[in-house]
Engineer: 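The structure is given below, and queries will be raised subsequently.
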4 protein chains.
Amino acid sequence: MKGALELFARKGYHSTKISDVVKSAGVSQGTFYWYFPSKEKLAIDLIEEGREKLRKVIEQGYRKHAGTVDDMIHSSARLLTDLFEFADENRYLMALLLIKGQGTDPPVQEAVSQTWIAFEEAFKGNVARAIELGMLPGSKDLNIRVNILVALFTGVLSKWLFGPMHDVDFQSPYTSSEMAEETARFEIRGLLGS
Amino acid sequence: MKGALELFARKGYHSTKISDVVKSAGVSQGTFYWYFPSKEKLAIDLIEEGREKLRKVIEQGYRKHAGTVDDMIHSSARLLTDLFEFADENRYLMALLLIKGQGTDPPVQEAVSQTWIAFEEAFKGNVARAIELGMLPGSKDLNIRVNILVALFTGVLSKWLFGPMHDVDFQSPYTSSEMAEETARFEIRGLLGS
Amino acid sequence: MKGALELFARKGYHSTKISDVVKSAGVSQGTFYWYFPSKEKLAIDLIEEGREKLRKVIEQGYRKHAGTVDDMIHSSARLLTDLFEFADENRYLMALLLIKGQGTDPPVQEAVSQTWIAFEEAFKGNVARAIELGMLPGSKDLNIRVNILVALFTGVLSKWLFGPMHDVDFQSPYTSSEMAEETARFEIRGLLGS
Amino acid sequence: MKGALELFARKGYHSTKISDVVKSAGVSQGTFYWYFPSKEKLAIDLIEEGREKLRKVIEQGYRKHAGTVDDMIHSSARLLTDLFEFADENRYLMALLLIKGQGTDPPVQEAVSQTWIAFEEAFKGNVARAIELGMLPGSKDLNIRVNILVALFTGVLSKWLFGPMHDVDFQSPYTSSEMAEETARFEIRGLLGS
DNA sequence: AATGAATGAGAGTTCATTCAT
DNA sequence: CATGAATGAACTCTCATTCAT
């Protein structure tokens, strides 16, 4: 049922019919229900599978040593490049998580939301570590910082992957590392940073 | 058909039935089709109406004079506060634009996408003006900067309005101006800015 | 949806498809769901409607005066004749209540069972009245008597209506009043009665 | 496939799935179809097996000598006690025969009906013998008498076993012999009998 | 003998849309 | 302008049966 992810990504959850899914898999409708109890469960399974893969990517970016501002930018850019490359290789998953997962039924939406909560948690670990190492100013409120950070990353990622029209086949003029560097510079120095 | 916006925002496009819409409006099913040719057109009308209102808010923020870095932060914070307040007063519209508009049929999605393109255009004007006034370093690529900026704003806005679970009734612990200031500081100075 | 009763009676609940029902009614499948929320509710409605009609027949038989044994037999025979004639005129209803209502889903079965409980209650009133008038020996246990009585009546009714093979179109060689009289004599005097 | 009888009795024929049957038997779906050509045949086999056991119980009651009225009552009560006890020990079979076998497909119903025809035939032998012995008044119509008798017995049996709600686990407050005696007295003397 | 994955016809139900009044 | 009954195509899901192994 691998093709299902592409179908969900392209047509959305509701517009993807079980008949489309089984056609793409080359099996009969009945066979689908031998493997999955429902369409909903299929979507949730795909999302949860993707959640674990995504989590791993971010956790690899865990910061180990202190360094200069440029070190920070490069370190962040490296993590973002990994993330962008993973996302590019898993466009259908990302389309479901970033875009199409929304107009679905509550249990599927919940699975999507939990994925972003997990994503944010993984980042919170990274930022807390950076503060601990004295690389970032301690803030009275870590959460709001991470909120903003994650909003920045997912927003940029979404635009880079799918463009302004949310086109699954969109190709950004920027490479993943160009985009990652620009984003990391913005992240660390804001609009003013050269 | 004002209640329809709330229904779309709460239940999503596909889960909102025409029967729900007419019940909330107190008219008959037949009457709906006297005013609207289809469910799709209703959604698109609502989105386009909101698009104009949203555009006006951003255009009011058009920057007029140069100033210090703190002036820039305050100026940006003021615009963001306006935006956040408008969004808070139009939660159902924003839910449709930021979240629920996604998993729908192509023509509705197109209307949503066009709204964000208009939003980005309006911001691009603001940033270009700031560069013109010498407040921001000219960049080889204005688009990428604005892309990142808009990704930041819409991402922060979405989290502030609806929280991690995309709950239409979510109430952030931060006021609109707190959130706007924190975002503006991040925007101008990045994570390093005090 | 009057034809539905006949369909249920002839084919049984599960073998009667909504498509059969709407064909017999000359409407579209969608129209069915305008009038009934489900197939189950249709069956329950038909049963409950029949329950009330059946109850009325029995309650008309309420005994008013005392009399001889032959009076009792005639009085009982009159009630049974009414019952048998009603049943004959409502064969499809009776088939559903006596036979086909069994192999259905719990809520439908419950509706059938409640009908027979109501039937028994109505008879209990009649027997209690006869004891009160001194026509029947008071019994330590009215319930068991009425149980046996109702078992006798429904059993005889079922055989007379549908024969040994439960054929909805069965025609007994006995008229309703012949059958009623024989049953009433058995009821009052048992096998020994002449 | 012994558990199948219980499943049919509890859930009815249509609601009992082959997957339920094989689960209860601890074999695979494929194995079922090695032993039985169809679900229908399984049900019919179970019914026909039960039919023979039931027939034996009644034939044991074959009356041998003449006697007083009280002898007749006791003799009949003894047979009924045997019947009730057999039924109690074979509740699932009786549930299928008396209740759940009804709303099924024609071939299964036919098997059930044939069982009751056999049951009636066996009783007819008993009654004819009693008339022959001068214990019962000869009747112009033996059939109608036996009809009524069998209706009485099966109706009483059904209520005693399963109660008004057709509950397979129902427990009557009366013992089998109490119920048998009361029924036999009614059979011989009717409501008037002391 | 036995498995369990695979099948496909068909079930009940939904719902945007239409239309006679 | 307004109604609400009527439509029918399409959907998800079920399950007795089959079949390669």
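Because only heavy atoms are used, hydrogens play no part in the values below, and waters and symmetry mates are left out as well, while side chains stay in. So you know, we letter chains A, B, ... as the sequences are listed, proteins then strands, and number each from 1. All of these numbers come straight from a predicted model, not from anything done at the bench.
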Engineer: Sequence neighbours excluded, which residues qualify as ring pair (Phe, Tyr, Trp, His ring centres under 6.0 Å) partners of C:Y33?
Structural biologist: none
Engineer: Using the six-membered ring of B:Y35, assess whether NZ or CZ of B:K41 lies under 6.0 Å from its centre and within 45 degrees of the ring axis.
Structural biologist: no
Engineer: Looking across every strand, which nucleic acid part, if any, lies under 4.0 Å from B:Y35 by heavy atom: base, sugar-phosphate, or nothing?
Structural biologist: sugar-phosphate
Engineer: With respect to the side chain of D:T31, which nucleotide from E:dA6, E:dA2, F:dA2 is positioned closest?
Structural biologist: E:dA2
Engineer: Starting at atom NZ of A:K41, determine the distance to atom P of F:dT12, rounded to an integer number of angstrom.
Structural biologist: 18 Å
Engineer: Tabulate atom names and distances for all N/O pairs under 3.5 angstrom spanning the protein and nucleotides 10-13 of chain E.
Structural biologist:
residue : atom : partner : partner atom : Å
E:dG12  : OP1  : C:K39   : NZ           : 3.0
E:dG12  : OP2  : C:I18   : N            : 3.0
E:dT13  : OP2  : C:Y33   : OH           : 2.5
E:dT13  : OP2  : C:K39   : N            : 3.1
E:dT13  : O5'  : C:Y33   : OH           : 3.3

Engineer: Test of understanding: with side chain to side chain donor-acceptor pair (under 3.5 Å), list the residues that count as partners of B:T31, not counting sequence neighbours.
Structural biologist: B:S28
Engineer: Whole angstroms only, please: what is the NZ-C1' distance between D:K23 and E:dG4?
Structural biologist: 13 Å
Engineer: Kindly write out the residues that satisfy side chain to side chain donor-acceptor pair (under 3.5 Å) with B:E89, not counting sequence neighbours, or none if the list is empty.
Structural biologist: none
Engineer: Taking side chain to side chain donor-acceptor pair (under 3.5 Å) as the test, write out the residues that go with C:K56, two or more places apart.
Structural biologist: none
Engineer: Respond yes when some side-chain nitrogen or oxygen of A:W34 is under 4.0 Å from OP1 or OP2 of E:dA5, and no when none is.
Structural biologist: yes
Engineer: Suppose we screen for ring pair (Phe, Tyr, Trp, His ring centres under 6.0 Å). Which residues come up paired with C:F32, at least two apart in sequence or across chains?
Structural biologist: C:F36
Engineer: List the atom pairs, with distances to 0.1 Å, where a side-chain N or O of residues 90-101 of chain A and a protein N or O form a donor-acceptor pair under 3.5 Å, not counting sequence neighbours.
Structural biologist:
residue : atom : partner : partner atom : Å
A:N90   : OD1  : A:K53   : NZ           : 3.4
A:N90   : ND2  : A:F86   : O            : 2.8
A:R91   : NE   : A:V168  : O            : 3.0
A:R91   : NH1  : A:D88   : OD1          : 2.8
A:R91   : NH2  : A:L161  : O            : 2.3
A:R91   : NH2  : A:V168  : O            : 3.2
A:R91   : NH2  : A:F170  : O            : 2.7
A:Y92   : OH   : A:E6    : OE2          : 3.3
A:Y92   : OH   : A:R10   : NH2          : 3.3
A:K100  : NZ   : B:Q109  : OE1          : 3.4

Engineer: Using a 3.5 Å limit for the pairing distances, which stems of at least 3 consecutive Watson-Crick or G-U wobble pairs does DNA chain F take part in?
Structural biologist: E:2-21 with F:2-21
Engineer: Return the set of residues passing ring pair (Phe, Tyr, Trp, His ring centres under 6.0 Å) with B:H166 (not counting sequence neighbours), or none when no residue passes.
Structural biologist: none
Engineer: From CZ of A:F36 over to C1' of F:dT12, roughly how many Å is that when rounded to an integer?
Structural biologist: 16 Å
